[in-house]
Amino acid sequence: MSPGVAIYPGSFDPVTNGHLDLIERGTKTFGRLIVAVLRNADKQPLFTVDERVDMLRQVTRGFPMVEVDEFEGLLVDFARRRGATVILRGIRAISDYEYELQMALMNRKLEPGLETVFMIPAEAYSFLSSRVVRQLADLGGRLTGLVPPIVEQKLRERLK
Ligand code: PNS
């Protein structure tokens, strides 16, 4: 296990089993993993940042090397403040690649010492996203196996 600090940034609105799969993979590769929720004034989220952080903390309780935090502004500034040397991102399909490449190269331009590492989640989650989960919950679809039980409960409460 490498002792490095990695940041896994995202919106996590809400955290899915695909995110959790990546977090678990990250814990096997990095000494410390900071899951960082973006505080983004532009978006209209379903859950507040506090709610998303709270759900993430509950579902990552079993991983002592995982910390959940939030950030505002540039990711590279947050990474510098937290002493991270790696940004961890998941790539599900080719369609993710273009956006991820653009973001990774921009972050490299801003902070050449920060390396973006891509991991591929289990193929069972390759179709899964927070957006799809929100839509499914809104339309009354089954969420079993797609999100942790506490997230399913929160979604049902929010959308009933
Ligand atoms: O889960 P998401 O919405 O795909 O995550 C996107 C995120 C939070 C990783 C990205 O929007 C981000 O890092 N935003 C912070 C602003 C920033 O640093 N932008 C410069 C890179 S292009």
Side-chain angles (χ1 to χ4, degrees), residues 4-27 29-30 32-60 63 66-138 143 146-148 150-152 154-155 158-159:
V5 178
I7 291 184
Y8 179 34
S11 305
F12 303 104
D13 188 30
V15 57
T16 68
N17 284 348
H19 293 129
L20 267 183
D21 178 90
L22 215 77
I23 289 170
E24 197 170 343
R25 285 171 203 282
T27 62
T29 308
F30 306 106
R32 186 157 188 77
L33 187 63
I34 301 171
V35 182
V37 180
L38 174 67
R39 199 175 267 284
N40 184 353
D42 294 347
K43 280 195 181 176
Q44 281 286 316
L46 180 61
F47 293 104
T48 66
V49 170
D50 288 350
E51 288 171 322
R52 284 178 267 157
V53 165
D54 185 56
M55 282 186 267
L56 274 162
R57 287 200 175 125
Q58 289 194 52
V59 299
T60 58
F63 302 106
V66 173
E67 180 192 334
V68 183
D69 201 354
E70 59 180 89
F71 75 104
E72 215 169 353
L74 285 178
L75 177 60
V76 294
D77 291 337
F78 176 71
R80 200 178 300 125
R81 278 203 305 279
R82 297 304 317 265
T85 53
V86 169
I87 295 171
L88 174 63
R89 289 286 289 174
I91 286 200
R92 291 160 299 191
I94 283 290
S95 49
D96 284 338
Y97 180 73
E98 208 167 293
Y99 169 63
E100 293 299 333
L101 178 71
Q102 188 182 29
M103 209 156 56
L105 291 178
M106 181 54 76
N107 283 329
R108 179 181 284 167
K109 189 165 174 55
L110 294 169
E111 185 61 67
L114 195 59
E115 207 59 62
T116 299
V117 171
F118 295 110
M119 284 186 179
I120 300 167
E123 56 193 89
Y125 304 125
S126 59
F127 59 92
L128 190 56
S129 70
S130 297
R131 189 177 51 81
V132 163
V133 161
R134 289 196 302 269
Q135 204 170 59
L136 209 58
D138 193 31
L143 294 168
L146 303 182
V147 292
I150 63 129
V151 175
E152 180 169 358
K154 287 265 182 200
L155 278 162
R158 183 59 41 97
L159 295 167

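Atoms within each ligand, like the ligands themselves, are counted from 1 in listed order.
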Tell me which protein heavy atom sits closest to atom 10 (C) of ligand 1, plus the residue, atom name and distance to 0.1 Å. Met103 SD, 3.7 Å

Do any nitrogen or oxygen atoms of Asn107 come within less than 3.5 Å of a nitrogen or oxygen of ligand 1? no

How about Tyr97: does its OH atom have over 12 heavy atoms from other parts shown lying under 6.0 Å from it? no

Of the choices Glu72, Arg89, Met106, which has the non-hydrogen atom that lies closest to atom 7 (C) of ligand 1? Arg89

Taking atom 19 (N) of ligand 1 as the reference point, the nearest protein heavy atom with its distance: Leu74 CD2, 4.0 Å

Can you confirm whether more than 12 heavy atoms, excluding those of Gln58, are under 6.0 Å from its CD atom? yes

Could you tell me if any non-hydrogen atom of Gly73 lies under 4.0 Å from any atom of ligand 1? yes

Does the distance from a Lys or Arg side-chain N to an Asp or Glu carboxylate O, for Arg158 and Asp138, drop under 4.0 Å? no

Contact between ligand 1 and Phe78 is defined here as a heavy atom of the residue under 4.0 Å from a ligand atom; is it met? no

So is Gln102 touching ligand 1 or not, going by heavy atoms under 4.0 Å? no

When distances are taken from atom 14 (N) of ligand 1, the protein heavy atom at minimum range is Leu38 CD2, 3.8 Å

Geometric N/O contact Leu75 with ligand 1, under 3.5 angstrom: yes

Which of these, Met55, Glu51, Arg57, sits in a side-chain contact (heavy atoms from CB on, under 4.5 Å) with Val53? Arg57

Could you tell me whether Tyr99 approaches ligand 1 through its side chain, its backbone, both or neither, with non-hydrogen atoms closer than 4.0 Å? side chain

So, the side chain of Arg52 versus the backbone of Phe47: is there a donor-acceptor pair under 3.5 Å, distance only? yes

What pairs meet the salt bridge (charged side-chain N to carboxylate O under 4.0 Å, His left out) rule with one or both residues in residues 116-137, with sequence neighbours excluded? Asp13-Arg134

Is the count of non-hydrogen atoms from other residues, nucleotides or ligands lying under 6.0 Å from Leu114 atom CG greater than 12? yes

